[in-house]
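Following: one structure in structure tokens, then a few remarks.
Small disclaimer: the values here were computed from a predicted structure and weren't measured.
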Amino acid sequence: MASLALAFLIVALLYASVGFGGGSTYNAMLALSGVDYRILPLIALVCNIVVVAGSTVRFARAGVTPWRGALLLTVIAAPAAFLGGLTPIGESAFLALLGAALLLTALTMLLPVVGNEGEPAGWSRFMPFMAAPLGYLAGIVGIGGGIFLAPLLHLARWNSARAVAATASLFILVNSMFGLAGQVLKGGEGRFAAAVDIGLPLLVAVAIGGQIGSLLALKYLPQRWIRWGTAALTAWVGLRLLTGM
């Protein structure tokens, strides 16, 4: 458990630095550790909440959160995340869906952004229509969904890299809460109790790592590093999930 907690701390630090919670990688590490896949989303979503709560506050205090756009996307996605959490899914489908989605997301992050960040692409106005499907997908696989949203925002030149990271943090926080509610209702008290037994030391680890990572994002990391870091992290997680099936 000590080595797993250390791994969670490192993952939380890395993901928080790009505005994510790390739920996808938590799911992967727990699956590789032999934990029942049915309780993976419960642990991952609570860890997400712990990490991105601190990141969301830090981004807000730094004045980089574009509240109007971020709240619109989040409010649309949250009910869909709840429904996704309620949706039954088998283990093979769970791992395949998560791995494939993350690998595709990483590839989109490597596409060049044409034009200036301050000039949004014409299709960026349709982002609110994409929020609900992304929220539902996030609820099914037990993550916050920011890892799906952020690449689209980058490609649409929706805002600066740090504003996108701040939006992803808020998106993950709220979707994780709604997705967790759906997962708890689907699995019942037994699965929740099992998740608590395994997850408490991991929550402490991600709380520490998340605070360090969000501080690094605000003070030290260039915007280009944030974009490339996101691609590298999501590609690694997606490949691990697909090759470990």
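Closest approach of Ser33 to Leu4, counting heavy atoms only: OG-CD1, 3.9 Å. The shortest heavy-atom contact between Asn27 and Val141 is ND2-O, 3.3 Å. In terms of heavy atoms, Ala12 sits closest to Gly210 at CB-N, 3.8 Å. Smallest separation of non-hydrogen atoms from Pro151 and Gly146: CD-O, 4.3 Å. Contact detail for Leu45 and Gln183: the closest heavy-atom pair is CD1-CG, 4.0 Å. Across every non-hydrogen atom of Ser176 and Gly144, the tightest pair is OG-CA, 3.6 Å.
Here the CG atom belonging to Leu153 is positioned 9.0 Å from the CG atom belonging to Asn159, to the nearest 0.5 angstrom. Expressed to the nearest 0.5 Å, how far CD1 of Ile172 lies from CD1 of Ile49 amounts to 11.5 Å. Distance check, rounded to the nearest 0.5 Å: CD1 of Ile147 to CG of Leu137 gives 11.0 Å. Considering CD1 of Ile212 and CD1 of Ile10, their distance stands at 10.5 Å, rounded to 0.5 Å. The distance from atom CG of Leu185 to atom CZ of Phe82, rounded to the nearest 0.5 Å, is 5.0 Å. The structure places CG of Leu30 at 7.5 Å from CD1 of Ile198, a figure rounded to the nearest 0.5 Å.
Hydrophobic clustering of Ile, Leu, Val, Met, Phe, Trp and Tyr side chains at less than 4.5 Å, counting indirect connections, unites Met29 with Val204. Both Val35 and Leu200 belong to a single network of hydrophobic side chains, linked directly or stepwise wherever heavy atoms of I, L, V, M, F, W or Y lie under 4.5 Å apart. When hydrophobic clusters are built by joining Ile, Leu, Val, Met, Phe, Trp and Tyr residues whose side-chain heavy atoms come closer than 4.5 Å, directly or via intermediates, Leu83 is grouped together with Val184. Cluster membership for Leu97 and Leu42, using ILVMFWY side-chain heavy atoms within less than 4.5 angstrom, is shared. In this structure, Leu6 is a member of the same hydrophobic cluster as Trp236, with clusters built from ILVMFWY side-chain heavy atoms closer than 4.5 Å.
Partners of Thr87 according to the side chain to side chain donor-acceptor pair (under 3.5 Å) rule, which considers only residues two or more places apart in sequence or in another chain, are Tyr136. Scanning for ring-ring contact (aromatic ring centres under 6.0 Å, His included) contacts around Phe171 gives an empty result, with sequence neighbours left out. Listed by chain and residue number, nothing satisfies the ring-ring contact (aromatic ring centres under 6.0 Å, His included) test with Phe178 (two or more places apart in sequence, or in another chain). The side-chain contact (heavy atoms from CB on, under 4.5 Å) search around Leu9 returns Ala205, Ile208, not counting sequence neighbours. Taking Ala31 as the reference, Leu40, Leu95 meet the side-chain contact (heavy atoms from CB on, under 4.5 Å) condition, with sequence neighbours excluded.
Within the structure, the salt bridge (Lys or Arg N to Asp or Glu O under 4.0 Å) test picks out no pair touching residues 5-14 (sequence neighbours left out). Legend: salt bridge (Lys or Arg N to Asp or Glu O under 4.0 Å) pairs involving residues 29-41, not counting sequence neighbours, sorted by first then second residue: Asp36-Arg38. Listed by first and then second residue, the salt bridge (Lys or Arg N to Asp or Glu O under 4.0 Å) pairs that reach into residues 91-103 come to none, sequence neighbours excluded. Each ring pair (Phe, Tyr, Trp, His ring centres under 6.0 Å) pair with one or both residues in residues 26-53, not counting sequence neighbours, appears once here: Phe8-Tyr26. Residue pairs satisfying the side-chain hydrogen bond (donor to acceptor under 3.5 Å, both in side chains) criterion with at least one member in residues 194-205, sequence neighbours excluded, are absent.
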Which pairs of donor and acceptor atoms, one on a side chain in residues 121-133, lie under 3.5 Å apart (sequence neighbours left out)?
{"from": "Ser124", "atom 1": "OG", "to": "Ala121", "atom 2": "O", "distance (Å)": "2.8"}
{"from": "Arg125", "atom 1": "NH1", "to": "Gly122", "atom 2": "O", "distance (Å)": "3.1"}

Name each donor-acceptor pair under 3.5 Å that joins a side chain in residues 62-70 to protein atoms two or more places apart or in another chain, with its distance.
none

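Looking only at distances, no side-chain donor or acceptor of Asn175 sits under 3.5 Å from a matching main-chain atom of Gly135.
Between Phe59 and Leu170 there is no side-chain heavy-atom pair separated by less than 4.5 Å.
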